Amino acid sequence: MKMTVRCNSPRNWGLRALYIVLGICLATSSLSSRQHAESPDAKLGTIQVAASGSLPQLVDITDSTGITFDHLSSPEQKYIVESMSGGVALIDYDRDGWPDIYFTNAQSVNMALAGKKSRSALYHNNRDGTFTDVTDKAGVGYPCWAMGATVGDYNNDGWPDLLVTCFGGVVLYRNNGDGTFTEVTKEAGLSNDSGWATGAAFGDYDGDGWPDLFISHYVNLNLNDLPAFGSSPTCKFRGIAVQCGPRGLKKSLSNLYHNNGDGTFTDVSKQTGISDSPPSFGLTVVWSDFDGSGHLDLFQANDAGRNYLYQNDGKGHFTDIAFSAGVSVSQDGYEQANMGLALGDYQHNGFPSIVISHFSDEYAAVFENLGQMNFSDVSYPSGIALSTTHYVGWGDAFLDFDNDGWIDLFMVNGHVYPQVDSGEAGARYQEPALLFLNQGNGKFKDISKLVGPAIQVPRVSRGAAVGDLFNDGKTDIVIENLKGEPTILQPQGGPPNHWIGFELAGTKSNRLALNARVKVTAGNLVQTGEVRSGGSYLSQNDLRLHFGLGARQTVDKLEIVWPTGRTETLTNLSADHLYEIKEGAGIVSAEAVRPGPANH
């Protein structure tokens, strides 16, 4: 999170200045390179930017939803543990086909030392644009000093379970299938995970049909021995006294837990090679098959350090290849403050590229996936770097904001030091969000000021999750702010583009079909997607897959590669529908992919 500013480094600025000039030229030359309401016969690469009047507008609908959650925040933020919470999860906990929302909450140091707790909250989607607080009935209100949350069906009963990461370990909530959850952390063998847990993700790395679990850990911190505010050079920002860390504090090891298939997990960090990596300030993690090998790899974003990319050899062992793959450090060789993770095939080349949010005076890194575990840092040429340098970025996600078939990029921001509002640091605690429009040629355009005032409102944001909350074919955005109430943004208006969505259910694969890969072909438009647990910043997106289609009204071919390796192909699917697909059975009714009452 905190970094050493390198503004006076000739080596750094010589190369960076070149990229800035190139970025400006590329951004300027591409303003007319995209057409939103593209015809089915349009050639890829000849798309042009739509006028701002034809763009959907992002409207703040938080008040109308009935959500009244309030994230607690210490006014002074004197300790690093007070500034890192705020993950949010979309989870259809009752399997009615409408995403519900879970907000994490956190204490202050003074609250924790006094034995006071903070209340996280679960909101049920009422299917009419509103939500109802069902926290108490569900039993998920007081898990811990919560950081983030992720979703996975650890016991393969068809009911999505909830894992909350905490300052002090993790809490696993088993979904009982009746609107309630039972805490099973100890029963599942996860109670020994007692460090400062941050990012977590479920994924079946060995292909046995049971989702395994990776948990990253941040600073090794003791509430009874906290570093004093502003007490050393690593406790200052541009000369202002601030909270200490993470630099100067002790790093932590992360853990991989194998799912035993009987409701328990076993720590396999050592035998799988995960513990071979040195301790780090671990934050967000996500599983994905980055090279199409059929084996799940893992990316870990590490604050104030280098990233880890664990390649799966298919035999139960992982090797960190981040350096050789080109995603370990910045393009100029510096370790950065890596926080949020967005994965998506924005280039339509069949491989998930990586975007990482960073601290101020850095830039959001865009690593284009070229295949065969080879990535290229295109942060400046893509048009992303210039707009992100002055902000502290957190939750990020790829989403097709306008349903034109090219995924766009959304990012929330917010500083960590309230003290910057003194004016002496040249920064602000509250910062606006950013939206980048994919122009179909490897470049993005910053349209943050063209989509309405809602995302221009400065906030202290952390987690962000995306999904079609209202089953209307539009991707909504749920933002958890560190300070105050959340923000829910809904795209409204814009071109009448078509879309298609898929809810997948595994049979031999894990029941939630985590890491199933999908290829959608509609004329000359070919897109790929993957069902993923975790991501953004300590958050969880909707597990259903959504694809914009532009003017196209039919998907010619849908190809699904299930986690077991089985491939299924469906053809001639009509647009503007959400399809339920069951492994081995094709398109089925909604009831067929959702479980009946659970028995535990």
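Values below: all heavy atoms of this structure, side chains included; hydrogens, waters and symmetry mates excluded. Note that this is a predicted model, so its numbers are computed, not measured.
- Here Tyr363 and His390 keep their ring centres 6.0 angstrom or further from each other.
- Between the side chain of Ser382 and the backbone N or O of Ser379, at least one donor-acceptor pair lies under 3.5 Å.
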Review point. Passes side-chain contact (heavy atoms from CB on, under 4.5 Å), Val268 versus Leu256? Steps please.
Key: CA-CA 6 Å; Val268 293; Leu256 174 60; 3.8 Å; yes
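- Looking only at distances, no side-chain donor or acceptor of Arg544 sits under 3.5 Å from a matching main-chain atom of Leu504.
- Between Thr185 and Ser191, the side chains place no donor N or O within less than 3.5 Å of an acceptor N or O (distance only, hydrogens not considered).
- Tyr93 is not listed as a side-chain neighbour of Leu162, based on a closest heavy-atom distance of 4.5 Å or more.
- Other residues, nucleotides and ligands place more than 12 heavy atoms under 6.0 Å from the CD atom of Gln271.
- Smallest separation of non-hydrogen atoms from Val219 and Pro246: CG2-CB, 4.0 Å.
- Exactly one of Thr150, Asn155, Val151 qualifies for a side chain to side chain contact (heavy atoms under 4.5 Å, CB included) with Asp161. That residue is Asn155.
- Judged purely by distance below 3.5 Å, without hydrogens or angles, the side chains of Gln300 and Ser254 pair a donor atom with an acceptor atom.
- For an aromatic pair to be called close, the ring centres must be under 6.0 Å apart, and Phe318 with Tyr205 satisfies this.
- Two rings, from Phe410 and Phe436, have their centers 6.0 Å or more apart.
- By the salt bridge (charged side-chain N to carboxylate O under 4.0 Å, His left out) test, Glu368 pairs with no residue at all, sequence neighbours left out.
- No hydrogens or angles considered: a donor-acceptor pair under 3.5 Å links the side chains of Ser387 and Asp446.
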Point to revise | Glu362 and Thr389: CA distance, side-chain angles, deciding distance, side chain to side chain donor-acceptor pair (under 3.5 Å) verdict | key: CA-CA 5 Å; Glu362 298 176 347; Thr389 303; over 6 Å; no
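- Val531 has its side chain out of reach of Leu512: every pair of non-hydrogen atoms, C-beta onward, lies at least 4.5 Å apart.
- Between Val478 and Pro99, the closest side-chain pair of non-hydrogen atoms is not below 4.5 Å.
- The structure places CG of Asn259 at 6.0 Å from CG of Asp212, a figure rounded to the nearest 0.5 Å.
- Here the side chain of Tyr154 pairs no donor or acceptor atom with the backbone of Leu213 at under 3.5 angstrom.
- Separating the OG atom in Ser360 from the OH atom in Tyr391 is a distance of 11.5 Å, to the nearest 0.5 Å.
- No donor-acceptor pair under 3.5 Å is formed between the side chain of Thr104 and the backbone N or O of Ala146.
- Judged by distance alone, the side chain of Asn369 and the main-chain N or O of Phe351 form no donor-acceptor pair under 3.5 Å.
- Listed for the Asp345 side chain is a donor-acceptor partner under 3.5 Å among the backbone atoms of His348.
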Review point. Step by step, would you call Tyr218 with Met84 a side-chain contact (heavy atoms from CB on, under 4.5 Å)?
Key: CA-CA 10 Å; Tyr218 195 50; Met84 303 299 291; 3.5 Å; yes
Practice item. Under the side-chain contact (heavy atoms from CB on, under 4.5 Å) rule, what do Ser288 and Arg532 come out as? Steps first, then yes or no, please. Key: CA-CA 7 Å; Ser288 184; Arg532 299 189 188 99; 3.8 Å; yes
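- Between Leu434 and the choices Ile384, Asp396, Thr388, the side chain to side chain contact (heavy atoms under 4.5 Å, CB included) rule is met once, by Thr388.
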Practice item. Could you go through the side chain to side chain donor-acceptor pair (under 3.5 Å) check for Asn307 and Ser328 one step at a time? Key: CA-CA 5 Å; Asn307 297 309; Ser328 177; over 6 Å; no
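- Residues Asp204 and Asn515 are not in side-chain contact: their nearest non-hydrogen atoms beyond the backbone lie 4.5 Å or more apart.
- By the neighbour-count criterion of 12 heavy atoms within 6.0 Å, atom NZ of Lys474 is densely surrounded, having more than that number from other residues, nucleotides or ligands.
- Rounded to the nearest 0.5 Å, atoms CZ (Phe281) and CG (Asn338) are 12.5 Å apart.
- Ring geometry, Trp196 versus Phe167: the interplanar angle exceeds 60°, so the pair is classed perpendicular (tilted spans 30 to 60°).
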Check your understanding: Can you list the steps and then say if Met147 with Leu538 is a side-chain contact (heavy atoms from CB on, under 4.5 Å)?
Key -> CA-CA 7 Å; Met147 292 291 135; Leu538 316 187; 4.1 Å; yes
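- Without hydrogens or angle criteria, Asp377 side chain to Val327 main chain gives no donor-acceptor distance under 3.5 Å.
- Taking CG of Leu172 as the reference point, atom CG of Asp193 lies at 11.5 Å (rounded to 0.5 Å).
- Checked by atom type, the side-chain pair Asp289/His295 shows no donor-acceptor distance below 3.5 Å.
- Scanning both residues, Cys244 and Ile80, for their nearest heavy atoms gives O-CB, 3.5 Å.
- Between Ile101 and the options Ile91, Leu122, Val88, Asn125, a side chain to side chain contact (heavy atoms under 4.5 Å, CB included) holds for only Val88.
- The CD1 atom of Ile321 sits 4.0 Å away from atom CD of Gln311, with the distance rounded to the nearest 0.5 Å.
- Residues Arg462 and Ser85 have side chains that never bring a donor and an acceptor to within less than 3.5 angstrom of each other.
- For the pair Pro381 and Lys443, the tightest heavy-atom approach, listed with the atom from each and the gap, is O-CG, 3.7 Å.
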Check your understanding: Yes or no on side chain to side chain donor-acceptor pair (under 3.5 Å) for Arg517 and Thr528, after CA distance, side-chain angles and deciding distance?
Key -> CA-CA 7 Å; Arg517 289 171 287 142; Thr528 63; over 6 Å; no
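- Judged purely by atom type and a 3.5 angstrom limit, Asp400 has no side-chain atom pairing as donor or acceptor with the backbone of Ile407.
- Heavy atoms from other residues, nucleotides or ligands lying under 6.0 Å from NE2 of His317 number more than 12.
- Tyr417 pairs with exactly one of Tyr429, Phe237, Tyr79 by the ring pair (Phe, Tyr, Trp, His ring centres under 6.0 Å) rule, that one being Phe237.
- Ring geometry for Phe398 against Phe444 counts as tilted: the plane angle lies between 30° and 60°, on a 0 to 90° scale.
- Relative orientation of the Tyr310 and Phe214 rings is tilted, given thresholds of 30° and 60° on the angle between their planes.
- With hydrogens and angles disregarded, no donor-acceptor distance shorter than 3.5 Å links the side chain of Ser73 to the backbone of Lys483.
- Counted by atom type alone, Thr475 and Asp468 present zero donor-acceptor pairs between their side chains at under 3.5 Å.
- Atoms CG and OG, on Leu370 and Ser353 in that order, are 7.5 Å from each other to the nearest 0.5 Å.
- When side chains are defined from C-beta on, Gln336 does not count as touching Phe359, because their heavy atoms never get closer than 4.5 Å.
- In this structure a side-chain-to-backbone donor-acceptor pair under 3.5 Å is present from Thr284 to Met339.
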